[in-house]
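Here, residue 1 is the first one in the sequence, and each next residue gets the next number.
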Amino acid sequence: MPELFDSFDTTEPDDATLRASELEVDSPASPCAIVVLVGDRRYDAPGDNTDEMVVELLREVGFQVDGVVRVKSKKSEIRKAIETGVVGGVDLVLTLGGTGVGPRDKTPEATRAVIDKVVPGVSQAIRASGQACGAVDACTSRGVCGVSGSTVVVNLASSRQAIRDGVSTAAPLVSHLINELNQYSV
């Protein structure tokens with residue numbers, strides 16, 4: 001039996017190794033998001049860089065963007081894009097457009113068909129902030145926010161002002177929801 005213990009290294013680690021291990025902190029991975037651009041022609045215009053703008057905004061508030069998807073204003077296509085993000089395990093699906101009152105605005109209905117729990121406070125905060133900053137389409141939006149599985153889904157109006165304000169308003173709220181979902185996940 002003594003031979004077994006003789007083979008172990010019993011020397012103490014040096015001070016540099018101890019300091020390095022004490023300073024080592026597990027940094028949480030950035031939450032992942034996908035963006036769904038909803039519109040029949042809105043995002044196809046030459047020179048439109050809405051996709052680049054929203055990716056940059058999300059990165060600035062700490063999200064890793066896994067992709068940007070463009071879909072027509074059809075409830076089935078919007079729902080399928082949201083479900084793809086949910087099944088793919090992203091933390092956030094952010095939809096842009098289709099939140100007005102026009103006949104082709106179907107994003108809230110498609111979102112409701114996917115989410116398990118509605119989180120109305122986020123949508124209310126986005127509308128209130130949109131009104132304060134003068135983004136008319138943001139404050140008149142029918143957009144919803146909810147949770148599907150462990151994914152947060154947020155609808156924003158499509159104007160550049162509504163997107164900028166919506167991302168900055170929703171980011172801390174969505175981060176809180178993601179933390180709650182991760183804390184209580186089984």
Taking Thr151 for its side chain and Val90 for its backbone only, find out whether a donor-acceptor pair lies under 3.5 Å.
-> yes

State whether the side chain of Lys74 and the backbone N or O of Val71 hold a donor-acceptor pair below 3.5 Å, judged by distance alone.
->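 No, because the side chain of Lys74 does not come within donor-acceptor range (under 3.5 Å) of the backbone of Val71.
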
The criterion is side-chain contact (heavy atoms from CB on, under 4.5 Å); which residues satisfy it with [X], sequence neighbours excluded?
| X | result |
| --- | --- |
| Val119 | Val122, Cys145, Val147, Leu177 |
| Val87 | none |
| Pro120 | Val118, Gln124 |
| Ala125 | Thr169, Leu173 |

Using salt bridge (Lys or Arg N to Asp or Glu O under 4.0 Å) as the criterion, list what pairs up with Arg104, not counting sequence neighbours.
-> Asp40

Can you list the residues that meet the side-chain hydrogen bond (donor to acceptor under 3.5 Å, both in side chains) rule with Gln64, with sequence neighbours excluded?
-> Asp66

Listed by chain and number, what are the side-chain hydrogen bond (donor to acceptor under 3.5 Å, both in side chains) partners of Ser73, not counting sequence neighbours?
->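 Ser73 satisfies side-chain hydrogen bond (donor to acceptor under 3.5 Å, both in side chains) with no residue once adjacent residues are dropped.
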
Pairs touching residues 81-95 that satisfy side chain to side chain donor-acceptor pair (under 3.5 Å), sequence neighbours left out = Thr95-Asn155

For residues 134-143, please give each side-chain donor-acceptor pair under 3.5 Å, one per line with the distance, not counting sequence neighbours.
| unit_1 | atom_1 | unit_2 | atom_2 | d |
| --- | --- | --- | --- | --- |
| Asp137 | OD1 | Ser159 | OG | 2.8 |
| Asp137 | OD2 | Ser159 | N | 3.0 |
| Asp137 | OD2 | Ser159 | OG | 3.1 |
| Thr140 | OG1 | Val136 | O | 3.0 |
| Ser141 | OG | Thr99 | OG1 | 3.2 |
| Ser141 | OG | Gly143 | N | 2.8 |
| Arg142 | NE | Gly100 | O | 2.7 |
| Arg142 | NH1 | Glu109 | OE2 | 2.6 |
| Arg142 | NH2 | Gly100 | O | 3.3 |
| Arg142 | NH2 | Asp105 | O | 2.9 |
| Arg142 | NH2 | Glu109 | OE1 | 3.3 |
| Arg142 | NH2 | Glu109 | OE2 | 3.4 |

Out of curiosity, Lys106 NZ to Ser76 OG, how far, rounded to the nearest 0.5 Å?
->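 If I round to the nearest 0.5 Å, the distance is 10.5 Å.
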
What one should report as the nearest heavy-atom pair of Ile78 and Lys72 is CG1-O, 3.9 Å

Minimal non-hydrogen separation, Ala33 against Leu58, with atom names = CB-CD1, 4.4 Å

Under 6.0 Å from the CD atom of Glu60, do we count more than 12 heavy atoms belonging to anything else shown?
->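 More than 12 heavy atoms, drawn from other residues, nucleotides or ligands, come within 6.0 Å of this atom.
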
Going by the salt bridge (Lys or Arg N to Asp or Glu O under 4.0 Å) test, which pairs reach into residues 94-103, not counting sequence neighbours?
-> none

